[in-house]
Amino acid sequence: MIYCIGHNIISPLGTTSEENFEAVLSGKTELKQHDNLFGLPEMCCVSVFRDDSVFRQVENDITFLENLMIHSVKKANEAAKLDLSSPDTIFIISTTKGNVSYLSENEDDRIFLWHSAEKISNHFGNANEPLVISNACISGAAAQVEALRLLDGKHFKNAVVVGGDVLSKFIISGFQSFKALSPERCKPFDKNRRGLNLGEAVATIIYTSEPKEKADFVLENGAIRNDARHISAPSIEAEGLFNTLKEILKNIDIQDIAFINAHGTATIYNDEMEALALNRMAMQQIPVNSLKSFFSHTLGAAGVLETIISAIALNKSLILKSVGCDEPDCKHEIHPVSETTSTKKRAFVKMVSGFGGTNAALLLRLSDSTRNKIDNSDFNDSLRIIVSATFDGDNLFLNDKNIEIQQLGDNILTNIYKTTGISYPKFFKMDTMSKAGFLVSELMLRAAGIDNEEPKEDFTIALFNRSASSDDDLTYLKSIKDVTNYYPSPSVFVYTLPNIVAGEIAIRNKFKGESSFYVSKHLSVKEIIRQVTMIMQTKSVNYVLCGWVECFKDDIDIRMMLVKKDNDDNSLIFNEENINKKWRI
């Protein structure tokens, strides 16, 4: 377990965690209807910072979002009192779109997520390369899972987890394209719910691996799982969320859980899926709440912000009311909290789900609770490379063999698809990065003798790149420039999340283990080794499909491997030397 020694929330409701909590306790919200916001032709109900917010006064090439994150870290560290420049401290940034409002035809480094992460860590003099988690709406929870692994594995002593997003025409129009936005304050789990709201916020949690008497709460366990069903709709069986809950609650008496803080977006698909997952876990009697009617859906901040508010409530022996749910209505039994009430229990669960089939769950306790640390002592660190591939947009190598591509036209990806005899019609709907990642993974798994018919809970995915989804961002931006002919496309917008490539691979091959996406300035073999090794420490994991999937402005660079827990002396050891050789680095 790891210990929270400082936290902060900056939202339209306040600039400290306590201010935000008191606003929630009193029922406040900054959700308002806006006409012509960001020049949008449609009205929207969102929560945004005021135009005269002090945080908009930026300088030294710091953006509004970066300024918010820097101030949030400073405030959180007032309690933690860490030397944030120490090599023992790592910065982990969770965001879905970062500075997407700066996106234009002219390349601007500010749009790259790694660039924002560097600005933040450099501000505090931290020389470690910061990690960026961009895993759709689960990013904030996934960043905490990352902190748990890094600190438990003694890679660092402290982790600064910062989650945040600010709104823009780009983001709001994308959710409008799915017809997912409510014209009024959202009503999670309520009969009359009409969709979700979007909001701006930044939240920070500082974790340490050393037990602290004054820790606010502890993160005991966390898990990420994929539905392997659809890139923009949750599993109708709630498979991914059910599997995350099953993982974090092993050997736990669920009667010890005070409440479940749900994702609770107030969309029918999400609410029904969460209710079903809880019923499958026999947790339907446990009180459930959602904070979306206060803060809206804050994207990359949500998993961090909602963890903090829930932990403060539990520290005050409270279970917060789920505002907006006046008449609960789900097909499966669920018990949204109708009034804020007291509790003597000391643990809660945070759930979250997102596009790409991603799901995450966290188990958190008050710091005076005592639990045994998760035991990974029998982890077998003999990791082997089963199959590898590289593709640079012209040449495709599979296990060192050059795959000849029959020239059937101008599109190299379509040529590979046709030449290699792949049959998967969904391929033609994918974006370029997903097509490239899909094709390379398909050939690798075929070479490894892995079928795509049976569900595989022991297969996980960990992918990296530099530009996130910037190529698709530019395509989508062009489609919404003309407000007189305004038809934002959901089929384009969904691919503006970089983790969708992992989702497409998971769906094709029925991978139901973890799927994660990281953004880095450069391909780092050492970082990939570290991430794969940490993922493999989960006893239920036997395979990791890992690699670099960069597609930006016609440049394609794919380097992928399938790694397995294996003692086979005839296969290559998963180490830096062999990876460099296989990936032609």
Side-chain angles (χ1 to χ4, degrees), residues 6-20 23 30 37-38 46-80 82 84-85 89-104 108-134 139-140 143 159-172 198-206 295-296 298-305 308 468 519 521:
H7 54 74
N8 173 260
I9 297 170
I10 301 177
S11 83
L13 285 174
T15 60
T16 67
S17 298
E18 201 63 39
E19 283 180 8
N20 279 275
E30 283 296 318
L37 183 66
F38 304 118
V46 296
S47 175
V48 293
F49 287 96
R50 292 165 55 100
D51 289 340
D52 61 355
S53 168
V54 64
F55 299 108
R56 294 190 185 276
Q57 301 170 17
V58 297
E59 54 188 33
N60 298 327
D61 201 32
I62 297 290
T63 68
F64 175 42
L65 176 60
E66 292 157 6
N67 196 38
L68 285 166
M69 288 183 165
I70 288 168
H71 277 83
S72 182
V73 171
K74 286 179 178 178
K75 197 67 180 178
N77 200 43
E78 289 179 6
L82 292 180
L84 296 181
S85 67
T89 298
I90 181 74
F91 278 74
I92 306 173
I93 312 300
S94 80
T95 184
T96 60
K97 296 311 302 175
N99 292 320
V100 73
S101 60
Y102 289 87
L103 186 70
S104 69
D108 184 335
D109 277 357
R110 288 177 296 185
I111 69 170
F112 296 120
L113 305 186
W114 56 262
H115 187 268
S116 290
E118 276 191 352
K119 283 281 186 182
I120 295 157
S121 61
N122 288 346
H123 181 88
F124 295 98
N126 190 289
N128 293 318
E129 184 173 351
L131 285 172
V132 180
I133 311 289
S134 190
S139 297
V160 181
V161 177
V162 193
D165 272 295
V166 292
L167 298 182
S168 62
K169 177 181 179 180
F170 187 103
I171 292 173
I172 297 173
L198 293 171
E200 299 181 324
V202 164
T204 303
I205 299 176
I206 299 178
F295 298 99
S296 312
T298 54
L299 306 173
V304 185
L305 182 157
I308 295 170
V519 180
K521 186 175 183 179

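Heavy atoms only: backbone and side chains are in, while hydrogens, waters and symmetry mates are out.
Ser116 and Asn99 share a donor-acceptor pair across their side chains, judged by distance under 3.5 Å alone. Glu30 and Ser47 share no donor-acceptor pair across their side chains, judged by distance under 3.5 Å alone.
Phe91 and Phe124 have parallel rings, their planes meeting at less than 30° on a 0 to 90° scale where 60° marks the start of perpendicular.
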Q.
Quick one, Lys74 with His123, criterion side chain to side chain contact (heavy atoms under 4.5 Å, CB included). Give me CA distance, side-chain angles, the key distance, then yes/no.
A. CA-CA 10 Å; Lys74 286 179 178 178; His123 181 88; 3.4 Å; yes

**Q.** Candidate pair Lys97 and Leu299, rule side chain to side chain contact (heavy atoms under 4.5 Å, CB included), full reasoning
**A.** CA-CA 9 Å; Lys97 296 311 302 175; Leu299 306 173; 5.9 Å; no

Q.
Evaluate Ser296 against Val46 for side chain to side chain contact (heavy atoms under 4.5 Å, CB included), listing each step before the verdict.
A. CA-CA 7 Å; Ser296 312; Val46 296; 5.8 Å; no

Q.
Please determine whether side chain to side chain contact (heavy atoms under 4.5 Å, CB included) holds for the pair Leu84 and Asn126, giving the CA-CA distance in whole Å, both sets of side-chain angles, and the decisive distance to 0.1 Å.
A. CA-CA 6 Å; Leu84 296 181; Asn126 190 289; 5.7 Å; no

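Rounding to the nearest 0.5 angstrom, the gap separating the CG atom in Leu305 from the CD1 atom in Ile10 is 11.0 Å. Of the inter-residue distances, the one linking Ser104 atom OG with Ile111 atom CD1 reads 7.5 Å to the nearest 0.5 angstrom. Of the inter-residue distances, the one linking Phe170 atom CZ with Tyr102 atom OH reads 16.0 Å to the nearest 0.5 angstrom. Rounded to the nearest 0.5 angstrom, Trp114 CH2 and Lys119 NZ are separated by 10.5 Å. To the nearest 0.5 angstrom, Leu65 atom CG is 6.5 Å from Asp165 atom CG. Between Ile308 atom CD1 and Ile205 atom CD1 the span is 4.5 Å, to the nearest 0.5 Å.
Counting all heavy atoms, side chain and backbone alike, Ser134 lies closest to Thr96 at OG-O, 3.7 Å. Among all heavy-atom pairs drawn from Gly300 and Ser139, the shortest one is CA-CB, 4.5 Å. The nearest pair of heavy atoms linking Phe295 to Ser11 is CE2-OG, 3.7 Å. Residues Gly14 and Asn20 come closest through the heavy atom pair O-ND2, 3.2 Å. Closest heavy-atom contact between Ala79 and Gly6: CB-CA, 4.2 Å. The two residues Phe49 and Arg56 have their closest heavy-atom pair at O-NH2, 3.1 Å.
Counting only heavy atoms from C-beta outward, the side chains of Arg110 and Thr63 approach each other to under 4.5 Å. A heavy-atom distance below 4.5 Å is not found between the side chains of Ile93 and Leu113. Considering only heavy atoms from C-beta on, Glu66 stays 4.5 Å or farther from Val58 through its side chain.
A distance-only check finds a donor-acceptor pair linking the side chain of Asn122 to the backbone of Glu118 [under 3.5 Å]. Between the side chain of Glu200 and the backbone N or O of Leu167 there is at least one donor-acceptor pair closer than 3.5 Å. Not a single donor-acceptor pair under 3.5 Å links the side chain of Asn8 to the backbone N or O of Thr204. No donor-acceptor distance shorter than 3.5 angstrom exists from the side chain of Ser72 to the backbone of Ile9, with no hydrogens or angles considered. Distance alone, capped at 3.5 Å, places no donor-acceptor pair between the Asn67 side chain and the Ile62 backbone.
Heavy-atom neighbours of Lys75 NZ from other residues, nucleotides or ligands within 6.0 Å: at or below the threshold of 12.
Partner of Val160 under the side-chain contact (heavy atoms from CB on, under 4.5 Å) criterion, chosen from Thr89, Ile120, Ile90, Ile92: Thr89.
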